[in-house]
Amino acid sequence: PTYSETYIRLPKSMDVYLAEGFDSYSLNKNVKDWRDRTIYKAERDSIKEISVSMNVVDSKKKSSSTETYSLMKDSSKWILASDSLDNNKVNSFVSSLSNFRCDDFFDSAVTFSEMQGTVKVKSITTAGMEETSLMFFPVMPDSQKYFVRSSTTSQLFEISKYMANNVLKKKSDIVATKPEEEKKKK
């Protein structure tokens, strides 16, 4: 075959065809490459509320606690109770969440001993207000990967710790730093 041609064969057939216009790399893919990697997708402007509940570990005190907060969007900005928000950090958070995709799929049954946190997203769709819950489970022993389960599907997704940290945010990650706190850091 030439550069623009490749041999193809249908499953369960012995007939081989020479196809033109197909690149072999576009056909020779793993099963996961053909699957939809979307965990959650919504237009940024349609997201109206985000609630986060997560385990926060205090390494100094060697203890953990549950942190819970909710962001609400009014007509033009995000609000978090009485705290002022860092708009750049919140926009980055919402962007990561609005097109949240997995690295891989996990297709076996599994039981979890620990949940790291939950992110609930309310967005406006053509059907009205829709709520989706995303549950995060660290993959032991080193937690460099996380399993994610969505309330909209039974599929279990696998993501990197980096991706988990983009959407499983502590409140302190999005609250605006006060000027006196900036001075203390320096």
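Heavy atoms only: backbone and side chains are in, while hydrogens, waters and symmetry mates are out.
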Heavy-atom distance under 4.5 Å between the side chains of Asp103 and Glu158, does that happen here? no
Considering all heavy atoms of both residues, which atom of Thr38 and which atom of Arg101 are nearest to each other, and what is their separation? OG1-NH1, 3.6 Å
Of the non-hydrogen atoms in Lys169 and Phe93, which two are nearest, and what is the gap between them? CG-CD1, 3.6 Å
Pair Lys171 + Asp83: basic N to acidic O under 4.0 Å: yes
Does one hydrophobic cluster hold both Tyr162 and Ile159, with members joined at side-chain heavy-atom distances below 4.5 Å? yes
So that I can tick it off, tell me whether Asp36 and Lys32 are bridged by a salt bridge, with the cut-off set at under 4.0 angstrom between side-chain N and carboxylate O. no
Taking atom CD of Glu43 as the centre, does the number of heavy atoms from other residues, nucleotides or ligands within less than 6.0 Å exceed 12? no
Flag this pair as yes if the NZ/CZ of Arg35 is under 6.0 angstrom from the six-membered ring centre of Phe105 and inside a 45 degree cone about the axis; otherwise no. yes
Phe106/Phe157 aromatic ring centres below 6.0 Å: no
Closest non-hydrogen atoms of Asn99 and Lys41, given as atom of the first, atom of the second and distance, are OD1-NZ, 3.4 Å
Does a salt bridge link Arg37 with Asp104, judged by any charged N lying under 4.0 Å from a carboxylate O? no
Atom pairs and distances, donor-acceptor, side-chain atoms in residues 118-137, under 3.5 Å, two or more places apart:
residue, atom, partner, partner atom, Å
Ser123, OG, Tyr40, OH, 3.3
Thr125, OG1, Ala127, N, 3.2
Thr125, OG1, Gly128, O, 3.0

